[in-house]
Amino acid sequence: MSDFSGSEEQLTELQADGIAMLRQGRPGDPPLQFLLFHMAEWIDYRHIAKIQETFPDGRRTFNPVFIHLPADGCRLTELARMANMTKQAMAEIVDEMIALGYLARFPDPSDRRAKIIVRSQKGLRAHKVAMDAFAEIDRELSKRMGNDRFKQLRIELKNALAAITAADNETDEI
């Protein structure tokens, strides 16, 4: 990608065209993806801040590992597949988390050439803090939204995910 070299008038014209295009294509209601993204961003920001109160070296980039790593651990290739990441990208995160003491790597008893990744004691404590932070955020959302509206939001999201999963499974069977 190269920088565009042009005049100030060209810049002004592109800016005006961009503003006009975005205003013209804007729907009355924001797309669902925008709403979900901003809600997730709000939750994520608070979640990471809560974790960092106890674990200042905790990072958002650790989420794919903590979300997908089974309780009894797994191989790097399996973890990368579950997180829909390349093995190389996952390896960088795992190596950093091992260096910080959140994970440990052991030879796989079924194949000594392979390695199993598990949470260390620090990683288990961080996982507990993360789960407690989610509960606290849920309480905050319930208070802000009202308990009934919060419960209804949770029900509707669960129903939507179930419907999407069922439709995907039907498509996979064809």
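For the numbers below, each heavy atom of this structure counts, side chains included, while hydrogens, waters and symmetry mates do not. On a predicted model such as this, the values are computed, not experimentally measured, just so you know.
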**Request:** Quick one: pull up CG in L14 and CD in E9 and give me the separation to the nearest 0.5 Å.
**Result:** 12.0 Å
**Prompt:** When rounded to the nearest 0.5 angstrom, what distance separates CD in E170 from OG1 in T165?
**Reply:** 11.5 Å
**Prompt:** How many angstroms lie between CD in E78 and CE in M90, if you round to the nearest 0.5 Å?
**Reply:** 10.5 Å
**Message:** Can a donor-acceptor pair be found, under 3.5 Å and without considering hydrogens, that links the side chain of Q10 to the backbone of S7?
**Reply:** yes
**Asked** Is there a side-chain contact between F62 and E96 (heavy atoms, below 4.5 Å)?
**Response** yes
**Message:** Could you tell me if the side chain of R149 sits less than 4.5 Å from the side chain of N147, heavy atoms only?
**Reply:** no
**Message:** Exactly one of H47, K50, M131 should register a side chain to side chain contact (heavy atoms under 4.5 Å, CB included) with E136. Which one does?
**Reply:** K50
**Complete:** Rounded to the nearest 0.5 angstrom, the CZ-CG distance for F37 and D44 is 9.5 Å
**Request:** Measure the shortest side-chain to side-chain distance between L141 and I43 over non-hydrogen atoms and say whether it is less than 4.5 angstrom.
**Result:** yes
**Fill in**
Value for CZ (F66) from CE (M97), rounded to nearest 0.5 Å, stands at 3.5 Å
**Asked** Any side-chain heavy atom of C74 within less than 4.5 Å of one from M82?
**Response** yes
**Item:** Heavy atoms of other groups near Q121 CD, more than 12 under 6.0 Å
**Value:** no
**Request:** Using the salt bridge (charged side-chain N to carboxylate O under 4.0 Å, His left out) rule, take E140 and K143 through it: C-alpha gap first, then chi angles, then the decisive distance, then the call.
**Result:** CA-CA 5 Å; E140 182 181 350; K143 183 178 177 183; over 6 Å; no
**Asked** How far does CZ of R46 sit from CD of E41, to the nearest 0.5 angstrom?
**Response** 10.5 Å
**Message:** Take a 6.0 Å sphere around CG of N159 and say whether it holds more than 12 heavy atoms from other residues, nucleotides or ligands.
**Reply:** yes
**Asked** Is the side chain of T12 donor-acceptor paired with the backbone N or O of E8 at a distance under 3.5 Å, no angle test?
**Response** yes
**Message:** side chain to side chain contact (heavy atoms under 4.5 Å, CB included) for L76 and K115? Distances and angles first, verdict last.
**Reply:** CA-CA 8 Å; L76 179 70; K115 305 287 185 211; over 6 Å; no
